[in-house]
There are 2 protein chains.
Amino acid sequence: MPVKTAEILKDNQLRVTSCRRDVLQTFLMKRVALSHSDLEEELKENYDRVTIYRTLKTFLDSDLIHKVLDDSGATKYALCLHDVQSHDHEHVHFKCEKCGQTNCIEEVSLPRVELPSGYVAKEMNLLVQGICKNCS
Amino acid sequence: MPVKTAEILKDNQLRVTSCRRDVLQTFLMKRVALSHSDLEEELKENYDRVTIYRTLKTFLDSDLIHKVLDDSGATKYALCLHDVQSHDHEHVHFKCEKCGQTNCIEEVSLPRVELPSGYVAKEMNLLVQGICKNCS
DNA sequence: GTTTATGCAAATTCTTTGCAATACT
DNA sequence: AGTATTGCAAAGAATTTGCATAAAC
């Protein structure tokens, strides 16, 4: 178990617990958006369902993760580690219809969208669905 | 009760029932994305919760409505009536942080996004969050 | 008359809350 | 030692399924 996870938690003023480290580690390894049930699947031997819910909430509050839009109904989350210089509030995600995985596309930045007057945009999320690199 | 709803249902090879007409009518009147519970709120005197779920599923299968992305966890739906000449698979929605309403922005078309090679896009959904025209 | 939709009951799944025991700093 | 986190039980939403009745074609 790398120390990296402990450092990330400390950097975010969070107590270092093994559940938090393991959840963080799972995000780092999988590198795709994960739902609560994905994490539960992965970690249910070790941690209670409720603890995983609370861990996600804690990470969300600390902006360590963010919600990833999904049309499946399940709420998914992804890490936010790369956000300091890039645009914090613009996310492009790709969801593959074959393998079901959703990942952040970092190579692409969201084009400016001109909204009708009166609208103030604070955050933009683009979800592209189709076939991913691995499945095509 | 306008006949319009019956025609729309027939055009989509669906049986004309009063629940379907009322759900459709609600979408036509409200002109914003609605969740199951929004509809239940509106129609609970008349129809069972389950029937509304099934109506939504039927409409979804017929492409009469589509899912609207939302980061609140609740699944929202919107009508797809304007889709013949416009781009069927590109939706821009705006969710207001003040009033909570989500609506389709028809004035804006989604700019082309260049994906890394290997990716095939079939559908794109942009969710913009901020303050809407009415609340600003 | 045949097929499809509805309502009700009940089962599942998803998420949250309270509280005592435990782990972190 | 003091504070925050965890696990367990249980409550509360959200969603699905089965089946008999009712409505649509």
Side-chain angles (χ1 to χ4, degrees), chain A residues 1 3-26 33-62 64-77 100, chain B residues 1 3 5-26 33-62 64-77 100 102:
Chain A
M1 318 166 188
V3 198
K4 205 175 168 189
T5 53
E7 284 171 8
I8 294 171
L9 290 169
K10 277 182 204 156
D11 288 351
N12 285 273
Q13 287 89 46
L14 297 175
R15 288 200 177 182
V16 178
T17 70
S18 75
C19 179
R20 287 175 180 176
R21 296 185 65 174
D22 285 354
V23 169
L24 193 44
Q25 186 63 34
T26 307
L34 300 172
S35 66
H36 174 269
S37 69
D38 295 332
L39 289 162
E40 196 186 344
E41 192 75 16
E42 201 78 16
L43 304 170
K44 70 182 153 200
E45 316 270 298
N46 309 300
Y47 309 107
D48 192 86
R49 203 162 41 265
V50 176
T51 304
I52 297 175
Y53 273 114
R54 288 196 268 227
T55 301
L56 287 170
K57 186 161 197 313
T58 303
F59 285 5
L60 212 48
D61 291 344
S62 306
L64 235 169
I65 59 176
H66 61 90
K67 285 193 185 183
V68 173
L69 298 176
D70 191 287
D71 69 349
S72 76
T75 308
K76 291 188 171 187
Y77 304 88
Chain B
M1 318 165 189
V3 198
T5 52
E7 284 171 9
I8 294 172
L9 290 169
K10 277 183 204 153
D11 288 350
N12 286 272
Q13 286 90 47
L14 296 175
R15 287 199 177 182
V16 179
T17 70
S18 77
C19 179
R20 288 175 181 175
R21 295 185 67 172
D22 285 354
V23 169
L24 193 45
Q25 186 63 33
T26 307
L34 301 171
S35 64
H36 173 270
S37 72
D38 294 333
L39 289 161
E40 197 187 341
E41 193 74 17
E42 201 77 16
L43 304 170
K44 67 183 155 200
E45 316 271 298
N46 310 301
Y47 309 108
D48 193 86
R49 206 169 28 270
V50 176
T51 304
I52 297 174
Y53 273 114
R54 289 196 267 226
T55 302
L56 287 170
K57 188 161 195 312
T58 302
F59 284 5
L60 212 48
D61 291 345
S62 306
L64 235 170
I65 58 176
H66 61 91
K67 284 192 184 184
V68 174
L69 298 176
D70 191 287
D71 69 349
S72 75
T75 309
K76 293 189 171 185
Y77 305 87
T102 302

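Letters go in sequence order (proteins before strands), and every chain restarts at 1.
- Put simply, the side chain of A:S35 gets close to the backbone of A:D38: a donor and an acceptor are under 3.5 Å apart.
- Rounded to whole angstrom, the span from the CG atom of A:D71 across to the P atom of D:dT15 amounts to 14 Å.
- A salt bridge between B:D71 and A:K67 is absent, with no side-chain N of the basic residue lying under 4.0 Å from a carboxylate O of the acidic one.
- Taking the side chain of B:R20 as heavy atoms from C-beta on, and the options C:dT6, D:dT6, C:dT25, the nearest nucleotide is C:dT6.
- Between the P atom of C:dC24 and the CZ atom of A:R21 lies a distance of 10 Å, rounded to the nearest Å.
- Without hydrogens or angle criteria, B:N12 side chain to B:L14 main chain gives no donor-acceptor distance under 3.5 Å.
- Contact check, B:T17 against C:dT6: a side-chain N or O comes under 4.0 Å of OP1 or OP2.
- Put simply, CG on B:D48 is 17 Å from P on D:dG18, counting in whole angstrom units.
- In this structure, CG of A:D38 is placed 11 Å from P of C:dT15, rounded to the nearest angstrom.
- The shortest heavy-atom contact between A:V23 and A:F59 is CG1-CE2, 3.8 Å.
- For the pair A:Q13 CD and D:dA4 P, the computed distance is 14 Å after rounding to whole Å.
- As a whole-Å value, the separation of A:K67 NZ from C:dT15 P is 9 Å.
- Considering only the side chain of B:T75, D:dT15 comes nearest among D:dG2, D:dA24, D:dT15.
- Counting to the nearest Å, the P atom of C:dT16 and the CG atom of A:L60 are 10 Å from each other.
- Looking at A:H36, its side chain does come within 3.5 Å of a backbone N or O of A:R49 through a donor-acceptor pair.
- Closest to the side chain of B:C19, from the set C:dT6, D:dT6, D:dA4, is C:dT6.
- Remark: P of D:dG7 and CD of A:E45 are 13 Å apart, rounded to the nearest angstrom.
- Residue A:N46 is the one, among B:S18 and A:N46, whose nearest nucleotide of DNA chain D lies closer to the 5' end (criterion: closest heavy atom).
- Considering all non-hydrogen atoms of both residues, B:L60 and B:H66 come closest at CD1-CA, 3.9 Å.
- Shown for residues 49-56 of chain A: residues whose heavy atoms fall under 4.0 angstrom of DNA chain C, namely A:R49, A:V50, A:Y53, A:R54.
- Looking only at distances, a side-chain donor or acceptor of B:S72 sits under 3.5 Å from a matching main-chain atom of B:A74.
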